[in-house]
Amino acid sequence: MAADAVQVAGDFYKIIVENDTVRVLDFRGAPGSKTAMHGHPNVIAYAVTDCKVRFDDPNGESMDLELVAGRGMETPPFEHATTNIGDTEAVVILIEMKG
């Protein structure tokens with residue numbers, strides 16, 4: 001099982017709300033910052049700011065994304081490290097589904 005985002009990257013992820021069904025996280029990453037490898041269950045990500053991020057998976061593959069403020073996306077469970085490859089702070093709200 002992948003490491004928990006808050007436990008290994010607590011400088012980036014803060015818990016806003018947590019209960020039996022969901023955990024809501026506030027992610028904030030400065031330009032050039034990189035998290036430790038971690039995982040999420042099914043998650044909905046809502047971009048608060050326009051930002052560019054790179055996800056590196058445990059196999060060494062990477063994917064670059066441009067997130068647009070006010071838009072969201074859903075992802076299945078996955079493990080990754082996140083790098084802010086943009087010029088501005090990345091602020092994203094993540095809603096992790098439990099169970």
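All values reported here derive from a predicted model rather than from experimental measurement. The residues of the chain are indexed from 1 along the displayed sequence.
Using a 4.5 Å cut-off between side-chain heavy atoms of Ile, Leu, Val, Met, Phe, Trp and Tyr, with links allowed through other members, V48 and I44 fall into the same hydrophobic cluster.
In summary, R54 and D64 engage in a salt bridge, as defined by a charged side-chain N under 4.0 Å from a carboxylate O. Looking at D11 and R28, no side-chain N of the basic residue comes within less than 4.0 Å of a carboxylate O on the acidic one, giving no salt bridge. With respect to R71 and D50, no salt bridge is recorded, no charged nitrogen being found less than 4.0 Å from a carboxylate O.
Looking at D26, its side chain never comes within 3.5 Å of a backbone N or O of I93 through a donor-acceptor pair.
Residue N59 qualifies as enclosed at atom CG: its count of foreign heavy atoms under 6.0 Å is above 12. Few gaps surround CG on N19; more than 12 heavy atoms of other groups in view lie less than 6.0 Å from it.
Nearest heavy-atom pair, H40 versus A5, reported as atom, atom and distance to 0.1 Å: CE1-CB, 3.7 Å. A pairwise comparison of heavy atoms in A47 and L67 identifies CB-CB, 3.9 Å as the closest pair. Residue Y46 comes nearest to G70 through the heavy atom pair OH-CA, 3.3 Å, listed as atom of the first residue, atom of the second, then distance. Counting all heavy atoms, side chain and backbone alike, K34 lies closest to A81 at CE-CB, 3.9 Å.
With sequence neighbours left out, F78 forms a ring-ring contact (aromatic ring centres under 6.0 Å, His included) with F55, H80.
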